[in-house]
Amino acid sequence: MLLIECPWCGPRDEQEFGYGGEAHIARPAKSAALDDAAWADYLFHRTNPKGLHFERWWHARGCRRWFNVARDTVSHEILAVYRIGEARPDIADGDR
Amino acid sequence: MSVKRGAYSIWSLMRNALSYHENWQRAWRSPDPKPRYDVIIVGGGGHGLATAYYLAKEHGVRNIAVLEKGWLGGGNTGRNTTIIRSNYLQDASASLYEHSLKLWEGLSQELNFNVMFSQRGVMNLAHNEHDLRELSRRTRANWLNGIDSELLDTTGVKRFCPIINVSPESRYPVLGATVQRRGGTARHDAVAWGYARGADAMGVDIIQQCEVTGMRIEKGRITGVETTRGAIAAGKVAVVVAGHASVLAAMAGLRLPIESHPLQALVSEPIKPILDTVVMSSSVHVYVSQSDKGELVMGAGIDGYTSYAQRGSLPIIEEIMASTMELFPMFSRLKMMRKWGGIVDTSPDASPIISKMPVEGLYFNCGWGTGGFKATPGSGHVFAHTIARDRPHPLNQRHTFERFQSGELIEEHGAAAVAH
Amino acid sequence: MVETVLRQSPLSTCHPEVGALAEIGEAGAALRERPYRTKVNLRGDAADKAFLKAVAGATGIELPLEPNRTAVIERQFGPVATLWLGPNEWLFTGAPDQAAALVEALDGALIGRHAAVNDLSGSRTTIELSGPRHLDLLAKGCALDLDLAAFPVGACAQTHIARALVILHRTAEDRVEIHVARSFAEYLWLWLLDAGAEYGVVTLAGAP
Amino acid sequence: MTTAFRTAKGGRIDRSQSIGFRFDGQNYWGNAGDTLASALLANGVHFVGRSFKYHRPRGIMTAGSEEPNALVQFGLGDRTEPNARATVVELHEGLVAASQNAWPTLGSDVGVVNSWASRLIPAGFYYKTFMWPRFGWKFYERAIRHAAGLGRAPEGKDPDHYDKMHAHCDVLVVGGGPAGLSAARAAAMTGARVIVMDEGPEFGGSLLSETAEIAGRPAMDWVAGVVDELAERSNVRLLTRTSAVGYYDHNFLVAVERVTDHLAAPPEHLPRQRLWKVRAKQVVLAQGAIERPLVFADNDRPGIMMAGAARSYLNRYGVKVGNRVVVATNNDSAYAAAADLHDAGVAVTIVDIRDEPTGGDLPLAAFGKGIDVLSGHAVIGSDGGRRVEAAYVAQISPSAKRIAGSIQRFECDAILMSGGWNPSVHLFSQSGGKLAYDRERTIFIPGETRQQARSTGAAAGDFSLVDALTDGLAAGLEAAADAGHRKRGGRPQAPAVAPVITVPLEPLWSVPGRDPRGRTNKHFVDFQNDVTAADVALAAREGYLSVEHLKRYTTTGMGTDQGKSSNVNALALMAAASGRDIPEVGTTTFRPPFVPVSFGALAGRNVDHLADPVRKTPMHRWHETAGAVFEDVGQWKRPFYYPQRGEGKQAAVNREVRAVRNSLGILDASTLGKIDIRGPDARKLLNWVYTNAWNKLEAGRCRYGLMCHEDGMVFDDGVTACLDENHFLMHTTTGNAASVLGWIEEWLQTEWPNLKVWCTSVTEQFATVTICGPNARRLLGELCGDIDLSSEAFPFMSVREGHVAGLRARVFRVSFTGELSYEINVSADCGLALWNACMMAGEKFGITPFGTEAMHVLRAEKGYIIVGQDTDGTVTPIDLGMGWAVSATKDFLGKRSLARAATAAPGRKELVGLMTETPTDVLPEGAQIVEKALESAPMPMLGHVTSSYYSPNLGHSIALALVRDGRNRIGETLEVPLPERTCRVRLTDPVFFDKEGARLDG
């Protein structure tokens, strides 16, 4: 059971959070201009890495804020927690 | 090349008993990889081994290797709750799973390996008006697709499975169900082993402890793979690695519409027979059957986050149990003996991808989510066809990688919410 | 006002009438509904000094900016506690029937500012949990660390108890207020009674 | 009460308290402090069960939770528990237990035929047979299932309840033996919050079975001192009878406390078991070690048990496991058992595989006592029926590990075996820690750790008491320090203990038998699942070489004991059979739970009336009193219909539907989701989340909108009102209230953080009463004086504020039924008051409460969709014929997806109406539609019925359906094949009633 550090509320049990998938996928500004393949890439295709993953969570049963987490998808170790809008921390796979 | 090996039967068992079982041969060889194969199948689970088997048997391809990074059947094949059924909603799914179910029905004989396919029926419960409507829709679609399915009312549920609590006082009372009597369970390991033995006998090289670490692609065409046991050239490479599909895709420079999630399951201690069918409930999130050893085999939905660890979190198990207590209050004093997790590759429409890929000679079979085991024979069968002919079998022509661009999805969330 | 005569709290049928058992006695924990208490929700930008000032000017309340902390001020009708719910969200709680005035004051002070004031008094009720074992009882369904050091008097938290979302507010060393959505109130009440049986739990007459 | 094998003195049982109990129908006496196993042994009962496959007689093998054999059906009636381990079941007055897996009785079990046929049924035999005829498996399987299983499930509902408890600490110590207590004490001294838990009813661990001294006094005195000290500290929680079963991510551990299982009459207020969920900053694993059996021929007879267990029975329970025992060992530890038994007057012979077992203190002491020791010998077999009668002993040639000399027969009534000790690394392994193989000592020890955990004492492979005490202390201090607590003042010292010199064990993984190839007698590896050394060899021969294949093919380690005593032996045998090193074969991954956990404990309190919250509206009690039948909508209970006396569902719904169309109905719509949206960018937000445009909606007006996910598929709909230029109230469907708000917040926070909008859920703030029908305005007029209700002043799709029945209210003139209709929102506390007022004032109009089913009929008459019923996540607004609600000019969530090749293609499934040829023919919802029904399946399907009702207003059944290219087919006749008949249906517009909307104004 993960212990996730909400950037505001501090560490809380996984059950208080909702998972939001891969982070840093911006909605294309001019969606109409994209072809079907580019739109599918935004809509469905995911990196789904084994190892370091930048992902979004939200404190659904707490302060209801969204934030980003850098987590290892094998060890489940959480390497960084940062707010939406903050730069992706400079972590490389294997930095631990 | 083919390998001569004695058939399994009660006679061979008796004959070997006379020699204290000291003369049994290996079920499959452990060859070293050759420098080149016509087809390399990445992934030695049920689907990969079945693919190799049908490639060799039905398409005359002989120079095949199956590369497995661990041990055969060590992924989801050996970690699922072994439920087999074909009562899917969409035509494209139903026909594929029904094809698979038909293959299951003769599989022990086909493989000369008892996979213990036990057609004890699979019952899907309805707990509210919405469930009833969905089950009615699915069943009626099944009828017109020629798939056996029955609608039961509460009394029928009780008759079919007497230990279910159908009290209207229950929080989510049982209002009805569907049952597919041809559905059931099988012995998961045996499926991998049976296909491995069968494929090996036709000369397929099954290579365990051989992890693919890279793909060789030249001018848009696959030419081989890098492995922990060296580079191996190949005419075609077919990837069927369940939870790790994205990892292999990345080696080919591709991203898939796939997320990998933990899926947990558990068994109880063995008890004397009490449950003679498979009971599934998607709205209270549990499915349960009793194995031939007497263990109750149970599972639920996936953990919410992506993961490549074969373990999940406790709350999922707590939820399964709470749901189970509602349906089977008599189970309360039984004990969970073992639990485990697998990594499932979930796709946006809860349907698999069995497809050629943008790299020539590269094929992927993935995205089965929580329900791949039941499809093992059918998946291998149509995938072998896709590889051999370089075009899909009629049954998987809609299961393309490209459907996520066109939007022609095969939406099965309703049927597959806890699809096992 | 018609409302105060005809209204009904979600737990009004769960606890004893006023004047009934009001002592905790030997029990390990006590439950009491505090119905109809004022609850006003405020959204606004904590980084906007003018916003904070406007709120303070209108209400005398300095909004707590530290997560999961409360600010309490005394008013003639009793204390008003302001709970931090999020980096741009607060909940004012206090004696019943103060919402309209509070909303008016806030709305007035926040004209032209990007803020949202909502009277949520009817949407939640409050259960006060006290007694020597009240934290043990809470720990049966709540994963927070409720130790005094981790959750001191004046701390608040949005979390869940069993399957009900709640706002916890530690009002004293020996008691906690639980704000719960009204449709979940009966479930939570029954859950607390059930979980508390081990220690002995009494239900006290509701009192605002 | 005399119990033949009870010692005269000693042990931790209460000799003053005799306890009567029953096993297999026989009455026995034991003492307080006994386990069922120790009490049976005190009565000379070893034979307590039959093995899983061969039904061989089995006895008590261990004295702990690792017991593979002595599984019993514990308790009676609805409180019976299958597969209880007799070795941990605490004796209480009136305890009833029975053996399992034997029929008709333990003594004369017919299943024993399996034993005679055992040569035919080696590991994995079932994969090779039962395949003919093709449908034969059904019959074979029935027989196999009948034979399978161990105990019986109770037949009724569990009368007990279960508890859960969350806990937090700086240091969690698992195991209350010498290492654990030492660690706990040291950690506690630093002021750290400490939890220490132990499986047993009292602390002490291995010391409970020891004769050793600590600081010059009996070890248990030290234990008592430490426990007293810890108990007095406010920063320490002591948990006994608590098994740590799972070690999850981020130092989250799960343990099960057995609260009342040991009581004869459990008090009602106590839970049977409590599931502890502990989040620890640091964990000290001090679970000790588990003794390994020796794999010799017929090593499974009742009376053959672990040497350590025998010592435990003697020293802890005052029970001699036999009068003449043979101790078979390959290491020093069994000498302690031998010496203690010898001192208790038992005739003991030690058979040690090692040639020169002389270096250690324990063997020296045994020699000193004059105990017979046969070194360089092994027990190579046993004799007996339901109890071991003799051991066969032979000299073993040191090089070839073969029988060197003649075979001697030693009469005995017990054989004690010790193959060394395995550190209990299960939790460590669960935590993700890697195991390391210690070749010297042939054990797996904790290697690199992945979490904030450290192992100590025997669990770390440090078996001596000195190590346990000193290492435990260090582990406790380090753990506390890592959790931020340091000891002030001097470092505490471990108490003094006399060191014990031991010499290494000598593994002999499979003891040769009389038959050099081990053919005739079974050498058991996994006792519960009847896996033998020959089975392991067979697996190797057939290529099932990896440890997981070995387990799965032979079932070794898959029993209720999870291979606690068998794993290493099996690995070693596989290594030998396949010519590999033990670590090459691999280690199994230990999975939770460490010991089996009852389902009830995992479910906890989420059962019966607390299974899931029942959400009720403020008017719920009124509905109940009115006899409403309720429908579950998510967690809500909504009135489905209100049957009057003797009325069935259809009659009630017809009546309710007619009442709305003819006069006045009233509906509790409080469950609809409501979101307050404020801010200068509120319209921008609405433009993003709804498919239609929101720029021009004026204050006081309402608009209907559809929401799509980015995939372009409809997922919610509802009416949003503009209360003020920058202030909106959004309505969502009941089921999606939370998810719509969550979805909006997600977009706002992650994609459009610059949009100035605040969203607040006000779903529960308002109770909503919907009054509808031709008389709705008249009713509202009677209750409301401050809103001009005229159609001009208060037109359709608008909102006003005022007072209704004296209550502050917001009134929406919207309609989901096609009738003149008002939705009145008041503070939820006043919902019932408003409802009562409406009922009273509406009496003269025959006001009729109607439920969701009547609402569904009414809306279907108007062709209004229900998201989730008429849509299924594959339906676009265009498919619904609601292109009018899709803006061509602005972007919105999901828009791009509508233009994808397949989504924009013609011929999609579209919403249409269906009329059956026979008016009374109500199609089943979910029925499939075809061009022309064929004789038999398969038939190509064109679509399905999404909603279907009998419309009493039209006197005709009506249905909505999604049909391929449906709008172009309107007017065509298609078919709906049903099992008993085929219905012909005409495709129509989905609006069946009042197409022009004349009734909206009453």
Item to check | By ring pair (Phe, Tyr, Trp, His ring centres under 6.0 Å) - contacts of D:His620 (at least two apart) | outcome: D:Phe630
Checklist entry - Less than 4.0 Å between a side-chain N and a carboxylate O, is that true for D:Arg808 and C:Asp119? => result no
Next on the checklist: Let me confirm one number: the CH2-CG distance from D:Trp758 to C:Leu42, rounded to the nearest 0.5 Å.
Outcome noted: 9.0 Å
Item to check | Most chain D-contacting option - heavy-atom pairs closer than 4.5 Å, from C:Ala162, C:Cys142, C:Ser9 | outcome: C:Cys142
Next on the checklist: Heavy-atom cut-off 4.5 Å, strictly under: side chain, backbone, both or neither for D:Leu610 against chain C?
Outcome noted: both
Next on the checklist: Within the 4.5 Å heavy-atom criterion, are D:Glu764 and C:Arg124 side-chain neighbours or not?
Outcome noted: no
Checklist entry - How many angstroms lie between CG in C:Asp145 and SG in D:Cys169, if you round to the nearest 0.5 Å? => result 9.5 Å
Item to check | Any side-chain heavy-atom pair of C:Asp194 and D:His609 under 4.5 Å | outcome: yes
Next on the checklist: Given heavy-atom pairs under 4.5 angstrom as the criterion, report whether the side chain, backbone, both or neither of D:Ala611 touches chain C.
Outcome noted: backbone
Next on the checklist: What verdict does the side-chain contact (heavy atoms from CB on, under 4.5 Å) test give for D:Arg274 and C:Glu198, after you've listed the backbone C-alpha separation in whole Å, the side-chain angles of each residue and the deciding distance to 0.1 Å?
Outcome noted: CA-CA 12 Å; D:Arg274 193 188 324 272; C:Glu198 181 178 354; 2.7 Å; yes
Checklist entry - Under the criterion salt bridge (Lys or Arg N to Asp or Glu O under 4.0 Å), which of D:Lys616, D:Lys637, D:Arg615 is the partner of C:Glu186? => result D:Lys616
Item to check | Pairwise side-chain contact, C:Leu120 with D:Thr760, heavy-atom cut-off 4.5 Å (strictly under) | outcome: yes
Next on the checklist: Given heavy-atom pairs under 4.5 angstrom as the criterion, report whether the side chain, backbone, both or neither of D:Val757 touches chain C.
Outcome noted: backbone
Next on the checklist: Heavy-atom pairs under 4.5 Å with chain C - which of D:Asn606, D:Thr671, D:Thr617 has more of them than the others?
Outcome noted: D:Asn606
Item to check | Residue part contacting chain D, namely of C:Thr13, when any heavy atom lies under 4.5 Å | outcome: side chain
Checklist entry - Can D:Ser827 and C:Arg7 be counted as having a side-chain donor-acceptor contact under 3.5 angstrom? => result no
Checklist entry - Among D:Ala833, D:Pro613, D:Gly831, which has the most heavy-atom pairs under 4.5 Å with chain C? => result D:Pro613
Next on the checklist: Would D:Asp612 and C:Tyr187 count as a side-chain contact (heavy atoms from CB on, under 4.5 Å) here? Give the steps.
Outcome noted: CA-CA 8 Å; D:Asp612 203 38; C:Tyr187 162 79; over 6 Å; no
Checklist entry - Heavy-atom count around C:Glu62 CD within 6.0 Å, excluding the residue itself: above 12? => result no
Checklist entry - With chain C, which of D:Arg621, D:His727, D:His803, D:Arg279 has the greatest number of heavy-atom pairs at distances under 4.5 Å? => result D:Arg621
Next on the checklist: So, taking the atom named CG in C:Leu6 and the one named CG in D:Leu832, what distance separates them when rounded to the nearest 0.5 Å?
Outcome noted: 9.0 Å
Checklist entry - Applying a criterion of heavy atom separation less than 4.5 Å, what residues of residues 160-168 of chain D form contacts with chain C? => result D:Asp163, D:Lys164, D:Met165, D:His166, D:His168
Next on the checklist: Under 4.5 Å from any heavy atom of chain C, what part of D:Gln635 do you find: side chain, backbone, both or neither?
Outcome noted: side chain
Next on the checklist: So for D:Ser670, is it side chain, backbone, both, or neither that comes closer than 4.5 Å to the heavy atoms of chain C?
Outcome noted: neither
Item to check | Top contributor to chain C contacts, counting heavy-atom pairs under 4.5 Å, from D:Leu275, D:Leu270, D:Asp676 | outcome: D:Asp676
Item to check | Engaged part of D:Trp636 at the chain C interface, taking heavy atoms whose separation is under 4.5 Å | outcome: side chain
Checklist entry - With D:Asp829, which of C:Ser121, C:Ser123, C:Pro10 fulfils side chain to side chain contact (heavy atoms under 4.5 Å, CB included)? => result C:Pro10
Next on the checklist: Does any backbone or side-chain atom of D:Lys277 lie under 4.5 Å from a heavy atom of chain C? Answer side chain, backbone, both or neither.
Outcome noted: neither
Checklist entry - Looking only at heavy atoms, which of residues 100-117 of chain C get nearer than 4.5 Å to chain D? => result C:Asp107, C:His114, C:Ala115, C:Ala116, C:Val117
Next on the checklist: Heavy-atom cut-off 4.5 Å, strictly under: side chain, backbone, both or neither for D:Pro267 against chain C?
Outcome noted: neither
Checklist entry - Atom SG in D:Cys830, atom CD in C:Gln8: separation rounded to 0.5 Å? => result 10.0 Å
Checklist entry - So which of C:Leu144, C:Leu137, C:Thr125, C:Leu146 has the biggest tally of heavy-atom pairs under 4.5 Å with chain D? => result C:Leu144
Checklist entry - Can you name the residues that form a ring pair (Phe, Tyr, Trp, His ring centres under 6.0 Å) with C:Phe151, not counting sequence neighbours? => result none
